[in-house]
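To start, the structure itself, in structure tokens.
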Amino acid sequence: MDTYKLSEGALRTIMQGGQVDCPIMQVLGSKKIATISSDKERYRILLSDGLFHISFAMFTTQINEKMESGELPMFSVIKIKQYITSVVNNAGRSDKRVLVILDLEVIASGDKVTKKIGEPEPLPEDDLSNTATKQAASKPNVSHEASCQPTTSKGHPNRVTLNQSLQDQLTHPISSLTPYQNKWIIKARVTNKSNIRTWSNSRGEGKLFSMDLVDKSGEIRATAFRDLVDKFYDYLEIDKVYYISKCQLKPANKQYSSLKNDYEMTLTNESIIQLCEDDVDSVPQTRYNFLTVDKIGQMEPGSFVDVIGVCKAVSDLQTFQARSTGRELKKKELTLVDHTDNAISVTLWGQEAENFDGTSNPIIAIKGAKVGEFGGGKNLGTTMNGILKVNPDIPEAHRLRGWYDNSGMHKEMKNLSARTGGNFDTPWMNFKEVREQNLGHSESGDYFQVCATILLLRSENLLYKACPVEECNKKVIDMENGMFRCEKCCRESPNFKYRLLGNVNVGDFSGNQWLTMFSSEVEKVLGMSAAEVGKAYDEDKSALAEIANKANFKQFVFRCRAKYEVYNDENRLKTVAVRVDPVNRKEYNVYLISEINQLMGN
DNA sequence: CCCCCCCC
């Protein structure tokens, strides 16, 4: 069996705050850590250097994935390529230093090693204690904090006087930040900064802004509220690099953020932000996680993606009223294509739409575009949190430029935004909204869906004899000689099929409406086939009234098409329930909750 | 503590 040499004694050096390059260690075990909220799982690692072992090593999120995929079974020998130690406040007890592993290489899988190497003992408490760690950490912490006082004099920020190695030792990668330890300093670039926005709702009111922070290891969103807006907004400038410390971390709400981080930060009164002008080129610009256009077809509406493509076409600026708020909206729609030969429609809004110049087919990179769905096709839209760059100087952009100019411009593209014709996105309405919105004037009719109760299903004309020809459902004329004539097919036949015609008044809390329904939908309402209704009628001519009555006060979701039609020289609104379904409570509640939220101003 | 981001 192979033997592996561990870096004996390295843990003592590291846990006292010292540096060891690429130590070799063995994983002796792991334990899932209980985490707050729905946060991803984290592991606490039992780690040995052959001489000592510690039980409070942690991995960053990326390495957690290795843990979950089984790449790091017990007894694995690893090379630790990058790590930091952090002092955590141990709930009032003495502070504790933890080892956070940022990058590692598996030297040998535990399946191969199969046993513990050496006879490691627990690293003595003395080497972990408050005094030892404070001694190791106090000097840089003190000197650094002294140099990181916030300054309001924009033109003359205090110079950071630390030498480079000290800074590197002090600066933590963004990817290592967690809510479980709070003594960190990051060196990060502000890649995006929102406008100052005010809010007012049932929980209070105030103002805020947020920004995106980026370093070599990752990215995170930070938000400042109320008076901290005044304190920091002007000082923080897009594209500049800052030392930042003492912010509060909390799980990120993925619904609202496209950044690749499980956490986001909130600035507090203790937060320290200091402009950094040393070695800023080592801090990257915008971090993209580009998805090729073809992949966007599989994305859920509401999710965020980073995308890069060629602007193949752009619409004129369009202005219209928002149906919900009545606000005037401006948009421009551009068609983005890439080397996968797929195209997708991207909507730009407001100022961004007005300023956008799509001539000469520029390359467009968007960080944090929101995926939408319309008519069964997918589309993208920019949001306030996203970043749009025209002709960015990055390799992906140069590659696309070459592709498009050489061959891409002549290619036929698959349009992911094409409507598939399904009844997607039919808006929910109540009858008051139906009345007020004066529907029915468009060429193809206006669609809406309503959850309503049947007030009256008319038994008159509920049943009719129809042409037996498969695709022909025309009412036949009883020739009174055993034959039935279809005017549409111009032929007589000895038989017919029964069909139903729904003439129904349905209502909700806000009003009621007469609808017509085709046979298939009346069958769903009655829970009987047309043939069954016909049979009951043949046996007892008065059966229809009773059958129709049974439908009353039942509740359904009616998917309706409203359209004005000329009838007897009169233009009247006809509303057809093209689909009737039992109420899907879960789906309907999503709509009701969104209505409630809107009423609450959330 | 926000999180509205719209339309066909």
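This is a predicted model, so every value here is computed, not measured.
Residue A:Thr223 places its side chain closer to B:dC2 than to any other of B:dC3, B:dC7, B:dC2. Among B:dC7, B:dC1, B:dC3, the nucleotide with an atom closest to any side-chain atom of A:Asn385 is B:dC3.
Residues passing the side-chain contact (heavy atoms from CB on, under 4.5 Å) test with A:Leu388 are A:Leu348, A:Glu352, A:Ile364, A:Ile366, A:Thr382, A:Val390, sequence neighbours excluded. Residues meeting the side chain to side chain donor-acceptor pair (under 3.5 Å) test with A:Ser519, sequence neighbours left out: none.
Side-chain atoms of A:Arg226 and base atoms of B:dC2 include no donor and acceptor less than 3.5 Å apart. A donor N or O paired with an acceptor N or O is not found under 3.5 Å between the base of B:dC5 and the side-chain atoms of A:Glu352.
In this entry the distance linking CG of A:Asn253 with C1' of B:dC2 reads 10 Å, nearest Å. If you take CZ of A:Phe209 and C1' of B:dC2, they are 13 Å apart, rounded to a whole angstrom. As rounded to whole Å, 14 Å separates atom C1' of B:dC5 from atom NZ of A:Lys331.
A sub-4.0 Å separation between OP1 or OP2 of B:dC2 and a side-chain N or O of A:Trp199 is present. For the pair A:Arg203 and B:dC2, the criterion of a side-chain N or O lying under 4.0 Å from OP1 or OP2 is met.
For the pair A:Lys330 and A:Phe320, the NZ or CZ position fails the cation-pi test of under 6.0 Å to the six-membered ring centre and within 45 degrees of the ring normal.
The backbone N or O of A:Ile174 lies less than 3.5 Å from no partner atom in the side chain of A:Lys216, so there is not a single donor-acceptor pair.
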